[in-house]
S.K.: 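I'd like to ask some things about the structure below.
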Number of protein chains: 2
Amino acid sequence: MKETMRPRYEARAKILKAMAHPSRLMMIEELQKQERCVNELTEMIGADTSTVSKHLSVLKNAGLVTDEKRANCVYYSLRCACVMDFIGCVEDVLAARSADHQKIMKSCKK
Amino acid sequence: MKETMRPRYEARAKILKAMAHPSRLMMIEELQKQERCVNELTEMIGADTSTVSKHLSVLKNAGLVTDEKRANCVYYSLRCACVMDFIGCVEDVLAARSADHQKIMKSCKK
DNA sequence: TTCTTATTTGGCCATATAGCCAAATAGCCA
DNA sequence: TGGCTATTTGGCTATATGGCCAAATAAGAA
């Protein structure tokens, strides 16, 4: 691999990796609608608070969310709305894939 | 988490996870330009053939690439071009992040 | 058939991840 | 201050991942 490009691919991979978890995807989608504190997200996800907290720190570490302490809660919010474009892209891939499947299924029936 | 949505988030996560590796991102980008056999990709990546083969099977498993045996080589190609939209999205995030950084740097100088 | 090249698979090891529980920390409020 | 709530951190275990080497497989070429 061209070594000059390596850091760039690593940076991209880091972002993708941070998103590559069902719970984190769910949180991202929720945070796109509105900011939320750890507690609220924990209820939503249905896992241990510490687990959710760690997921959030993964997202924060990747620069996808920011946090702000207010009152006695820590509110997380999406750092840039463009993250949501991903979801659309993923859905396109899923749609393309299932279209392929259907094509295959149809050709089997013949 | 709403249990009806869980499979959907899992499907999305699977796609993202498959892409979340520097070598695999590089291969995707290359395959978008043209199909390539394992050998060619191996040279490009600079890892063991078996490693590259396993990366390819990850991508195949996620439905991102297809393979076709011709002559004595296995040619891989991108299954749907929309995968490349991702890269654009990731770059947007990276750009937004670095814009934030610069803002912070500027505000520090004042 | 035997050699050769291309690819995949299995084995092994080191490292990373996800999850839970328990403990530490931070800040509000009485 | 002391108690309460929210959150993070540390410790632990189970599992997954990435990498290499070596061996198995597949298919063309001699």
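Numbered from 1 within each chain, the chains take letters A, B, ... in sequence-line order.
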S.K.: Considering only heavy atoms, which members of residues 53-69 of chain B lie under 4.0 Å from some atom of DNA chain D?
M.R.: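 Of all residues in residues 53-69 of chain B, the ones placing a heavy atom under 4.0 Å from DNA chain D are B:Lys54, B:His55, B:Lys69.
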S.K.: Would you name the heavy atoms of A:Ile15 and A:Ala62 that are closest together and state the gap between them?
M.R.: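 Answer, listing the atom of A:Ile15 first, then A:Ala62: CD1-O, 3.7 Å.
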S.K.: Side chain of A:Cys73: nearest nucleotide among D:dT7, C:dC20, D:dC20?
M.R.: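 Selected nucleotide: D:dT7.
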S.K.: Just by modelled atom types, is the A:Ala47 backbone N or O under 3.5 Å from a matching donor or acceptor in the A:Thr51 side chain?
M.R.: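 No, A:Thr51 side chain to A:Ala47 backbone: no donor-acceptor pair under 3.5 Å.
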S.K.: First locate atom CZ of B:Arg36, then atom SG of B:Cys73, and finally report the distance between them rounded to the nearest 0.5 Å.
M.R.: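 Reported value, rounded in 0.5 Å steps: 12.0 Å.
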S.K.: Would you mind reading off the distance between A:Leu16 atom CG and D:dT17 atom C1', rounded to a whole angstrom?
M.R.: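 From A:Leu16 CG to D:dT17 C1': 16 Å.
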S.K.: Measure from CZ on B:Arg70 to P on D:dG28 and round the result to the nearest Å.
M.R.: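 Rounding to the nearest Å, CZ of B:Arg70 and P of D:dG28 are 13 Å apart.
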S.K.: Closest-nucleotide mapping onto DNA chain C: is A:Lys17 or A:Asp48 further toward the 5' terminus? I mean the 5' end.
M.R.: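 Closer to the 5' end of DNA chain C: A:Lys17.
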S.K.: Are any side-chain N or O atoms of A:Arg12 and backbone N or O atoms of B:Val90, one a donor and one an acceptor, separated by less than 3.5 Å?
M.R.: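 No, because the side chain of A:Arg12 does not come within donor-acceptor range (under 3.5 Å) of the backbone of B:Val90.
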S.K.: Just so I know, are the side chains of B:Met27 and B:Leu41 near enough to count as touching, which here means a heavy-atom distance under 4.5 Å?
M.R.: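 Side-chain contact under 4.5 Å: yes.
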S.K.: Measure CD1/A:Ile45 against P/C:dA18 and give the value in whole Å, please.
M.R.: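 Those two atoms, CD1 and P, are 13 Å apart.
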S.K.: If we call it a pair only when both distances are under 3.5 Å in a Watson-Crick or G-U wobble match, what pairs with D:dA23?
M.R.: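 Checking every strand shown, D:dA23 finds its partner in C:dT8, with both distances under 3.5 Å.
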S.K.: Of all the nucleotides listed (C:dT7, C:dC20, C:dT9), which has the minimum atom distance to the side chain of B:Ser50?
M.R.: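 Nucleotide nearest to B:Ser50's side chain: C:dT9.
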S.K.: When all nucleic acid strands are considered with a 4.0 Å heavy-atom cut-off, which category describes A:Tyr75: base, sugar-phosphate, or nothing?
M.R.: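 Here A:Tyr75 touches no strand at all.
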S.K.: Tell me whether A:Glu91 is salt-bridged to A:Arg97, with the criterion being a basic N under 4.0 Å from an acidic carboxylate O.
M.R.: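 No.
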S.K.: For a quick test of reading the model, state the closest non-hydrogen atom pair linking A:Leu64 to A:Val83 and the distance between them.
M.R.: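 Scanning both residues, the minimum pair turns out to be CD2-CG2, 3.8 Å.
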S.K.: Establish, with yes or no, whether the OP1 or OP2 oxygen of C:dC20 is under 4.0 angstrom from a side-chain nitrogen or oxygen of A:Thr51.
M.R.: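 So the side-chain polar atoms of A:Thr51 do come within 4.0 Å of the phosphate oxygens OP1 or OP2 of C:dC20, strictly under.
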S.K.: Taking only the side-chain heavy atoms of A:His21 (C-beta and beyond), determine which of C:dA18, C:dA22, C:dT8 contains the nearest atom.
M.R.: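 Selected nucleotide (nearest to the side chain): C:dA18.
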S.K.: Remember a base hit wins even if backbone is also touched, and classify B:Arg24 as base, sugar-phosphate or nothing at under 4.0 Å, heavy atoms.
M.R.: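 Touches sugar-phosphate only.
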S.K.: Which atom pairs link the protein and nucleotides 1-5 of chain D when you take only N or O atoms and keep those under 3.5 Å?
M.R.:
none

S.K.: Under 4.0 Å between a Lys/Arg side-chain N and an Asp/Glu carboxylate O for B:Glu29 and B:Lys33?
M.R.: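 No.
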S.K.: Tell me whether A:Glu10 is salt-bridged to A:Arg8, with the criterion being a basic N under 4.0 Å from an acidic carboxylate O.
M.R.: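 Salt bridge absent between A:Glu10 and A:Arg8.
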